[in-house]
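What you see is a predicted model, and the numbers here were worked out from it, not measured in a lab.
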2 protein chains.
Amino acid sequence: MDDFRLVRAKSGTNQEGTSAHNQRVILDALRINGALSRADLARATNLTKQTVSNLVENLERDGLVRPQDVVRKGRGQPSTPYCLVPEGAFAIGLQIDRHVTRAIAVDLVGNVLVRAEAKLSTDGPATGVRIILGLIEGVRRDLQRQRPQAERRLSGLGIAMPGPFGLDGADDDEWMMASWQAFPLLETLAAGTGLEVGLQNDAAACATAERMLGNARGLDHAVCIYIGYGIGAGLILGGELYSGAHGNAGEIGMALFSDGGRQTPLEHRASMASLYQHLGIDPAADAYHAVFDLVERDDPRIGEWISRAATDLRWAVHLVETLFDPQSVILSGGASETLMRRLLAATEPLLPSLAERKGRPVPRLQLGMTDPWAVALGAAAEPIGRAFEPRFSAILKERG
Amino acid sequence: MDDFRLVRAKSGTNQEGTSAHNQRVILDALRINGALSRADLARATNLTKQTVSNLVENLERDGLVRPQDVVRKGRGQPSTPYCLVPEGAFAIGLQIDRHVTRAIAVDLVGNVLVRAEAKLSTDGPATGVRIILGLIEGVRRDLQRQRPQAERRLSGLGIAMPGPFGLDGADDDEWMMASWQAFPLLETLAAGTGLEVGLQNDAAACATAERMLGNARGLDHAVCIYIGYGIGAGLILGGELYSGAHGNAGEIGMALFSDGGRQTPLEHRASMASLYQHLGIDPAADAYHAVFDLVERDDPRIGEWISRAATDLRWAVHLVETLFDPQSVILSGGASETLMRRLLAATEPLLPSLAERKGRPVPRLQLGMTDPWAVALGAAAEPIGRAFEPRFSAILKERG
DNA sequence: GGATTAAGTCAATACGTTTGACTTAATAAG
DNA sequence: CTTATTAAGTCAAACGTATTGACTTAATCC
């Protein structure tokens, strides 16, 4: 009678799925390539001119694309390139980190319109959520002031926080945020903001940002190694962010590796936390600027940490190249650009791997965003991607 | 004028894509769940009864499904379950290994109908291809004799061989098959057989087999660690086999790990090749039975190898759990079941990882196929999957 | 100034899913 | 035993979306 619940099957699709996909494909093409004419779009997407015209008309009516000046290029009727309308959609991104939370508002093309941050006390999530809701409310007010259409066009709230998610019986050691994990955060924030919420770990958020706005734009296979308080890998596999069965894919910080006989998680050696420890800095204070200053003054302890961390990072790059076979690995992090550049340089030469091939169009390892706001940006990019990027799941019918 | 070639975009879709997907979804549901009525299918796929009826009618006309006896269960009109027709499609699978090649013929549900194997000389691919083409031709003749409709319904030729693929300047050491890599194998076999050919590495093929017929059936996130001559991981991510940007994802055998100071590829320690070396067996001879006998006689050298290999395997399992966050890891290999069982047992207890959670529906690590024919089976499953499994790429329009 | 080329539109058509009413066939309740 | 209820499955019309081929427009080339 109700044993049909046990039937495992994928979802079917219908014409609306078709249309939804095609609209997303067009928006994606405009995002990656900039303005394109309808004829260009038809060729690039394998759709007919007529279909593209219909879809573009819809998108223009919805305020997501707009025509630019007519372009004459050679023989034939001049073309009308269309481009994304930045004000076509907005999203709020929220980063929850150990000691700080950041909220950000972006538009459809990724312009950052509002930023705000607040300290998080160690009182745990109950008080933390109050702070966060206040922060988000402020950001929304500011956004609304700048862009009156924003509230109507808010596509959601993206949340990024350190993983791993859903551990049972996790020790609440300083590396994890177990009390936050146990708290019904998504439900609370969804109720408190009235927005659709999505969750990623911080490395995934960073990869999302790199894909929408950074060096991974247009790449379908990329791994973003994110060095934050911990270290993790955000995975772009087959054109989509991959999160694994429980949202924990890419948690490379927890990978054990041999360290002179003992097995240590990578996170304990290559992460900002390990740097803070090495420097004797209190992470709860303004660690970013403390490190920034030491880097600028070229403190020898920075070099010590870099050479140790680079050794481990070299191994991590080798590992993700070997296991994921990406087009490129992107190193990003919430530390100062100088520090990240030095770390990148110290990681070279990379270990030999399958990725070592002639005529690579992109480098094996490249620097990505180095900005404390990168994760919040990626968090904000998530709802935009969910609403506007081509994905398999967007084609399928919803249950019910 | 022709700069539109530079426009990067995903492909659009149309009603035929919709229908193709829905048909695949129905076949997939029948494969995973066994016979289902049209009403069951409608509920499971979120399609309407009417749509399912139309699709099932098409599938029945195409000879892919057939009705079973009417089933009375409770109130209401009795239902008619439909099931896959084994003779609805056939495929040939080909494994090319270092010293041997195996060909296999399967039907739609994975029944093995024909097997054949041949030794491969070390003369390289030119003579090898002649042997292979002969082998395939024999298998097709046998298949045709058993199932007269087979030739009309052959969906393709799947090839599995050791990776990695597309290395430039690869040393032709005993672990790789560089001369085979350089040879235009796919083109030659496509031309020689007139079939559509597909290529996977052996670990991927094993994962394909486990997904279609083994312990990964119905799982959308699984990693299959395959111990063959080398060692590799086949990745089922998000319901599809993942091969990476160049077909080399999961080549864990090439992952370097610290071994008392030195960095060694995993492959040099946990692989049949390392066992052959440890035992002083010539892999070109009948190594399978030589090992089989030593295992049955409980030769102490087997235990030595197992304990060493298990240590490394434990680490490999930890690594793929950490990086891929799968529902389960499946250990399979072309060695005797006894050996694989002992290796599995020696790998326990597993290292702590994110996968350690209460109420797991499937074990963290489980034994998969232990059969020299598993890879060939997976190779044969690939064309079936390409033709009949739901995948994103199957929805999209073809270029042109 | 006419030929050619390319962008884009128009109107009719084809395809596949959906909708709602209907039929069939079983069990449950009175 | 009769009637109500439930569920599977069908029918035919409607709907949404992409496609087709002819047509228009507007530029460059010769």
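Here the side chain of A/R38 is nearest to one of D/dA27, C/dA28, C/dG8, namely C/dG8. Closest to the A/Q77 side chain, of the nucleotides C/dG16, D/dT25, D/dT19, is D/dT25. Side-chain atoms of B/T48 lie closest to C/dT18 of the nucleotides C/dG8, C/dT18, C/dT27. Nearest nucleotide to the side chain of A/S53, out of D/dT19, C/dT19, C/dT9: C/dT9. With D/dT28, D/dT6, D/dT19 as the candidates, the nucleotide lying closest to the side chain of A/L47 is D/dT19. Comparing C/dG16, C/dA29, C/dT17 by their closest approach to the side chain of B/E16 singles out C/dG16.
Under the 4.0 Å criterion applied to side-chain N and carboxylate O atoms, B/E151 and B/R140 are assigned as salt-bridge partners.
Both A/G76 and A/T80 lie close to DNA chain C; mapped to their nearest nucleotides by heavy-atom distance, the more 5′-ward contact belongs to A/G76.
A donor-acceptor contact under 3.5 Å is formed by the side chain of A/Q15 with the base of C/dG16. The base of D/dC11 sits within donor-acceptor range of the side chain of B/Q50, with an N or O pair under 3.5 Å.
At least one side-chain nitrogen or oxygen of B/R43 sits closer than 4.0 Å to the OP1 or OP2 atom of D/dA8.
Within 4.0 Å (heavy atoms only), A/S19 reaches sugar-phosphate atoms of the nucleic acid but no base atom. Backbone-only contact: A/T18 has heavy atoms under 4.0 Å from sugar-phosphate atoms and none from a base.
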_With salt bridge (Lys or Arg N to Asp or Glu O under 4.0 Å) as the criterion, how do B/E196 and B/R386 come out once you've worked through the C-alpha distance, each side chain's angles and the decisive distance to 0.1 Å?_
CA-CA 10 Å; B/E196 296 240 333; B/R386 180 150 35 94; 3.4 Å; yes

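Annotation: B/H221 is in aromatic contact with A/Y242 [ring centroid separation under 6.0 Å].
Classified by interplanar angle (parallel below 30°, tilted 30° to 60°, perpendicular above 60°), the ring pair B/H21/A/F392 is perpendicular.
Atom CG of B/N54 is separated from atom C1' of C/dC15 by 12 Å (rounded to the nearest Å).
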